[in-house]
Amino acid sequence: MKILVCISNVPDTTTKITFTPDGKEFNTSGVQFVINPYDEYALTRAIELKEAQGGSVTVLNVGEADTEPNIRKALAIGADDAIRVNIKPTDAFLVSQQIAHYAKEGGYDLILMGRESIDYNGFQVHGMVGELMGIPTVAPAIKLEVNGTTATLEREIEGGKEIIDVALPLVASCQQPMAEPRIPNMRGIMTARTKPLKVVEPVGQEAKTSVQHYELPPAKSGVKMIDAENAGELIKLLRNEAKVL
């Protein structure tokens, strides 16, 4: 079984967000980047399947050279090899197009990724990849088992859970509790240095969307303390200032 796991390079969750002076780009100065946490669920489950059933796990990242440390981390966790598509991931369609092309070319049985990236929270790429490849997409999956050429997935739906059987190949986006993310050990870190990391050029069309402007939310205002006996003043402030009534 050949599994492709798509990983994103995202700012650490403790990052203080700022933008360039023109408001058109995220300011990466001094920012620590990590593997998208949702993608780590997909990566760990892929490695578990490989360990149980055999096969291979390839990680794919659409990004520039600065993403390679986190690609190497994915290799250290247990992936066998990696592909980096050498282009800045400017929108979901562009990323999906690259994934679909190289997934078709590689003949993978499973294409896994996180439900969304924690920077844009778009929840778009898995669906686009499935559509571009003409194969089923299941999102978001919380359990995944494979038996021969059939995958059994569980996902949360409104009011309950749904369990479905899907023929391979397929695309699945993953979230907790799919698997417990792993921390690379020293042996994994050492072997990751020699695992193949293939850099390929992008294909297809340009991005279909572009960012016009970013801005931070307004700063929180100070807290106003209202005497417990003055309910009228509280109602007035909620209606006129907070505008929640």
Side-chain angles (χ1 to χ4, degrees), residues 1-11 24-26 28 33-43 45-46 56-71 74-75 79-141 144 151 153 166-175 196-212 214:
M1 180 167 56
K2 294 179 67 177
I3 306 175
L4 181 69
V5 179
C6 308
I7 63 172
S8 300
N9 203 50
V10 299
K24 292 187 176 181
E25 291 187 354
F26 171 64
T28 61
F33 283 84
V34 298
I35 299 173
N36 179 46
Y38 286 118
D39 297 337
E40 290 196 78
Y41 295 116
L43 176 60
R45 187 61 187 135
S56 63
V57 175
T58 299
V59 292
L60 184 148
N61 169 259
V62 179
E64 297 175 309
D66 58 356
T67 68
E68 291 193 6
N70 280 325
I71 297 174
L75 293 171
D80 299 293
D81 63 318
I83 301 169
R84 178 174 68 82
V85 184
N86 189 31
I87 188 171
K88 186 176 182 179
T90 52
D91 84 340
F93 178 78
L94 175 68
V95 171
S96 302
Q97 190 173 220
Q98 309 311 312
I99 295 171
H101 174 81
Y102 288 105
K104 281 182 181 178
E105 189 176 81
Y108 295 96
D109 302 296
L110 267 176
I111 298 96
L112 303 180
M113 62 191 73
R115 59 169 289 159
E116 59 192 2
S117 62
I118 63 168
D119 48 2
Y120 289 99
N121 299 104
F123 198 68
Q124 300 178 68
V125 172
H126 50 266
M128 291 185 186
V129 171
E131 180 68 19
L132 289 167
M133 295 184 67
I135 61 177
T137 301
V138 179
L144 167 64
L153 301 102
V166 186
L168 302 179
L170 67 90
V171 178
S173 69
C174 307
Q175 67 175 45
L197 196 172
K198 182 180 180 182
V199 179
V200 297
E201 292 306 310
V203 298
Q205 303 175 26
E206 297 179 354
K208 292 186 175 294
T209 62
S210 61
V211 174
Q212 295 299 307
Y214 289 110

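Predicted model only: the values in this text are computed from it and were never measured.
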Distance-minimising heavy-atom pair for Leu75 and Pro196: CD1-O, 4.4 Å
Taken in chain and number order and not counting sequence neighbours, the residues that satisfy side-chain contact (heavy atoms from CB on, under 4.5 Å) with Ala151 are Leu144, Val146, Leu153, Leu168, Leu170
Side-chain donor or acceptor of Lys208 paired with backbone N/O of Phe93 under 3.5 Å: no
So among Leu110, Ile111, Leu4, Val125, which one has a side chain to side chain contact (heavy atoms under 4.5 Å, CB included) with Val171? Ile111
Test of understanding: with side-chain contact (heavy atoms from CB on, under 4.5 Å), list the residues that count as partners of Glu116, not counting sequence neighbours. Tyr38, Asn121, Phe123
Residues that Asp66 engages under side-chain hydrogen bond (donor to acceptor under 3.5 Å, both in side chains), provided they are two or more places apart: none
Could you pull out all residues at least two apart from Phe26 that satisfy ring-ring contact (aromatic ring centres under 6.0 Å, His included)? none
Identify each donor-acceptor pair in which a side-chain atom of residues 96-103 lies under 3.5 Å from a protein atom, sequence neighbours left out, and give them as a table.
unit_1 : atom_1 : unit_2 : atom_2 : d
Ser96  : OG     : Ala92  : O      : 2.7
Gln97  : OE1    : Gln205 : N      : 3.1
Gln97  : NE2    : Gln205 : O      : 3.1
Gln98  : OE1    : Val203 : N      : 2.8
Gln98  : NE2    : Leu94  : O      : 3.4
Gln98  : NE2    : Val203 : O      : 2.9
Tyr102 : OH     : Glu201 : O      : 2.6

Identify, with sequence neighbours excluded, every residue that meets side-chain hydrogen bond (donor to acceptor under 3.5 Å, both in side chains) alongside Glu105. none
Suppose we screen for side-chain hydrogen bond (donor to acceptor under 3.5 Å, both in side chains). Which residues come up paired with Thr137, at least two apart in sequence or across chains? none
Quick one: CD1 on Ile135 to OH on Tyr108, what's the gap to the nearest 0.5 Å? 13.0 Å
Hits for salt bridge (Lys or Arg N to Asp or Glu O under 4.0 Å) against Glu68, two or more places apart or cross-chain, chain-then-number order -> Arg84
Exercise: identify the closest heavy-atom pair between Asn9 and Asn61: N-ND2, 4.1 Å
Heavy-atom closest pair (Gly63 atom, Pro89 atom, distance to 0.1 Å) is CA-CD, 4.1 Å
Can you name the residues that form a side-chain contact (heavy atoms from CB on, under 4.5 Å) with Ala42, not counting sequence neighbours? Val5, Leu112, Cys174
Close side-chain approach of Thr90 and Ser210, heavy atoms under 4.5 Å: no
Name all residues meeting the side-chain hydrogen bond (donor to acceptor under 3.5 Å, both in side chains) criterion together with Arg45; count only those two or more places apart in sequence or in a different chain, and write none if there are none. Glu48, Glu145
Closest heavy-atom contact between Ala74 and Ile7? CB-CD1, 4.0 Å
Rounded distance (nearest 0.5 Å) linking atom SG of Cys6 with atom CG of Leu43: 11.0 Å
Determine, step by step, whether Asn36 and Ile118 satisfy the side-chain contact (heavy atoms from CB on, under 4.5 Å) criterion, reporting the C-alpha distance in whole Å, the side-chain angles of both residues, the deciding distance to 0.1 Å, and the verdict. CA-CA 7 Å; Asn36 179 46; Ile118 63 168; 3.5 Å; yes
Among residues at least two apart in sequence or on other chains, which ones pass ring-ring contact (aromatic ring centres under 6.0 Å, His included) with Tyr120? none
Might you point out which heavy atoms bring Lys24 and Gln212 nearest each other, and give the distance in Å? CG-O, 3.7 Å
Compare all side-chain heavy atoms of Val10 with those of Pro37 and state whether any distance is below 4.5 angstrom. yes
Can you confirm whether more than 12 heavy atoms, excluding those of Glu64, are under 6.0 Å from its CD atom? yes
Check Ile71 against Ala82 and note the closest heavy-atom contact, atom names and distance. CG2-CB, 3.4 Å
Do the side chains of Ile3 and Asp109 get nearer than 4.5 Å, heavy atoms only? no
What residues form a salt bridge (Lys or Arg N to Asp or Glu O under 4.0 Å) with Asp80, not counting sequence neighbours? Lys50
Take Thr209 and Asp91 through the test side-chain hydrogen bond (donor to acceptor under 3.5 Å, both in side chains) and record every step on the way to the result. CA-CA 6 Å; Thr209 62; Asp91 84 340; 3.0 Å; yes
